[in-house]
Amino acid sequence: MPEGPELHLSSRFVNLVCKNRIFGGQIIKSDVSRQPVVEWEAPHYTISAESRGKEVKLTLTSQSDAQNDRLQTTSNEKPRTLNIVFQFGMSGKFDFYEAGELMKHAHLNFFTVDEPKMVLSFVDYRRFGKWQVGADWSEERGPCVLFEYPKFRENVLNNLNKPLFNRSICEVMLNQQYFNGIGNYLRAEILYRLKIPPFVSARSVLEPLVANIADDTDQPKIKIEGPDFLHLCHLVPLEVINLGGTGYDPVKGGESYSAFEKWLQCYCKPNMKNMADHNKRTIWYSGQAGPMAPTEVKVRGKKQSRKKIKKEDQSEVKKIKLEEKSTSENEDLKEIIVKSNKQNSATEDNVDVAQVEELKKESGKKKMKLQKSRVEEKNGNAVSDLKVSKHTSVTDLKLSDYPTDGTRVTRSRVKVFLNQAGLKLKSSQKDGATAENKETKIKKRSARGKRGN
DNA sequence: CGTCCACGTCTAC
DNA sequence: TAGACCTGGACGG
């Protein structure tokens with residue numbers, strides 16, 4: 001799910017599905033999650049959401065029991081609220097569906113009180129996502145590129161003296177202290193729109209903009225054609241929001257995703273180039289890489305048609321001499337920026353409600369992916385009385401359930417074994433929690449040419 | 001089987 | 001500037 005637009009669409013999704021709904025009871029966290037438990041037990045509460053950059057804040061508000069005209073005391077108590085701030089990692093998202101069985105990888109779950117019982121789940125199969133209870137937006141992250149544009153712009157332009165901005169523009173764009181909401185696909189799309197080579201110094205791109213620091217008006221003091229770089233850091237993610245789908249959410253066959261794929265002009269496109277940046281993140285671009293490109297360039301296999309390019313450049317390390325290291329780069333760049341294409345002005349913030357309704361339906365279809373519910377577990381229906389079902393996962397298995405022919409228990413073997421049993425691999429059993437595990441890992445590493453021992 | 005790759009942070013040599 | 005943290009899909013042999 002997760003760059004700025006996806007987080008925002010997620011917050012809208014939450015607001016939509018939680019509207020006029022009352023939640024209650026315990027908030028259930030999965031066992032495998034290492035994130036904090038949410039201590040909040042209100043008989044009745046509501047949920048609303050808000051996004052900022054790459055964070056989503058849920059606000060729980062307890063409802064007074066006035067309507068329940070009870071003699072009990074609770075009605076006089078404070079109308080409490082609790083904030084939970086989420087980061088989505090690589091795979092986090094919210095889902096809303098009929099309670100009963102929880103989705104696989106559902107790590108934090110909020111239940112409605114009314115029938116049919118529904119559940120709002122934070123679902124995150126890679127578990128890089130995080131949440132903080134009772135927190136606010138994290139201090140380390142800058143203003144949101146989407147919804148705090150003037151502040152965002154100022155924050156960047158007032159800090160250009162920082163050494164960070166000596167680095168290449170594509171790498172600086174992932175720094176959330178300044179570009180809160182920009183991620184790997186957005187940086188590619190934004191640079192591509194302006195034909196800015198990814199590996200030119202950030203300062204050289206940004207310094208020309210200082211004259212227009214507070215460019216929240218549409219009247220820049222220096223006349224340029226079309227939106228400038230910082231402007232696009234705002235407009236391009238807005239475009240994704242206005243696509244109305246779920247943004248980058250590769251649910252195959254999902255229609256909203258194909259709209260998103262169509263929208264992409266550069267990221268993962270077969271006619272574009274790519275290489276790993278200094279952080280080993282793939283940057284997609286066209287034209288020149290720029291003078292600050294890593295000298296040993298690793299080209300990643302193209303996403304779509306790896307087969308086709310088989311023998312050519314598939315995952316090979318190529319030493320590429322970067323042709324022009326010209327120092328006149330700055331001058332070139334200014335030209336480039338001024339030449340920037342006129343941009344389709346993204347209309348303001350409005351996603352079709354009907355489309356979000358679509359989302360709801362889609363999430364209803366996902367019942368196949370359900371996991372043995374922890375609620376069941378609580379009711380004494382222990383997971384340990386393991387039956388082979390699609391809802392069972394590796395963490396439910398004991399070591400003795402694994403093949404015992406003496407061979408290594410590798411992750412792949414576990415996968416195969418489970419497939420035979422109709423199961424799926426899950427969570428903390430990665431490479432098999434055996435003694436051999438460590439050896440295997442080390443072997444793997446040294447095989448990769450890294451100093452393993 | 002194994003290897004590589006993925007929308008993102010984090011910390012530790 | 002490597003890795004760690006994770007799961008799982010695509011693809012290679």
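Note on naming: letters A, B, ... go to the chains in the order of the sequence lines (proteins, then strands), and numbering restarts at 1 for each one.
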Is there a donor-acceptor pair closer than 3.5 Å between any side-chain N or O of His234(A) and the backbone N or O of Val145(A)?
yes

Hey, does Arg141(A) reach any base, or is it just sugar-phosphate, or nothing, if we go heavy atoms under 4.0 Å?
sugar-phosphate

Using the P atom as the reference point in each nucleotide, state the distance between dG3(C) and dC4(B) in Å, no decimals.
13 Å

Kindly point out which of dT9(B), dG8(B), dG8(C) is positioned nearest to the side chain of Phe128(A)?
dG8(B)

Could you work out the separation of dG9(C) and dT9(B) based on their C1' atoms and round it to a whole Å?
23 Å

Arg126(A) CZ to dC6(C) P, straight-line distance once rounded to whole Å:
11 Å

Options dC6(C), dC7(B), dA2(C), nucleotide nearest the side-chain atoms of Arg34(A)
dC6(C)

Counting only side-chain heavy atoms from C-beta out, which of dC6(C), dC7(B), dA2(C) sits nearest to Asn184(A)?
dC7(B)

For dG13(C) and dC5(B), measure between their P atoms and round to the nearest Å.
15 Å

Ile283(A) CD1 to dC7(B) P, in whole Å, measures 10 Å

Without decimals, in angstroms, what is the distance between Asp249(A) CG and dG8(B) P?
14 Å

To the nearest Å, give me how far apart NZ (Lys54(A)) and P (dC10(B)) are.
11 Å

Answer yes or no: does a side-chain N or O of Arg281(A) lie under 4.0 Å from OP1 or OP2 of dC7(B)?
yes

Rounding to a whole Å, what distance do you find between Lys130(A):NZ and dC7(B):C1'?
15 Å

Quick test of your reading of the model: are Arg167(A) and Asp277(A) salt-bridged, counting only N-O distances below 4.0 Å?
no

For dC6(C), does OP1 or OP2 lie under 4.0 Å from any side-chain N or O of Tyr125(A)?
no

Dot-bracket, DNA chain B: Watson-Crick or G-U, under 3.5 angstrom, [ ] crossing, | other strand?
||||||.|||||.

With a 4.0 Å cutoff (strictly under), does any side-chain N or O of Gln176(A) reach OP1 or OP2 of dT9(B)?
yes

Check the surroundings of atom CD in Gln132(A): do more than 12 heavy atoms from other residues, nucleotides or ligands lie under 6.0 Å from it?
no

Report the distance from atom CD of Glu55(A) to atom C1' of dC7(B), rounded to the nearest whole Å.
16 Å

Would you confirm whether Gln87(A), through its side chain, and Lys54(A), through its main-chain N or O, come within 3.5 Å as a donor-acceptor pair?
no

Under 4.0 angstrom between Lys280(A) side-chain N/O and dG3(C) OP1 or OP2:
no

Write down the distance between CH2 (Trp263(A)) and C1' (dC7(B)), rounded to a whole number of angstrom.
12 Å

Does the side chain of Ser91(A) pick up a donor-acceptor pair with the side chain of Asp124(A) at under 3.5 Å?
yes

Nearest-angstrom distance, C1' atom, dC10(B) to dG8(C):
23 Å

Any side-chain N or O of His105(A) less than 4.0 Å from the OP1 or OP2 oxygen of dG8(C)?
yes

Starting from P on dA6(B), measure out to CD on Glu3(A) and report it in whole angstrom.
13 Å

Using only side-chain N and O atoms of Thr282(A), determine if any of them is under 4.0 Å from OP1 or OP2 of dA6(B).
yes

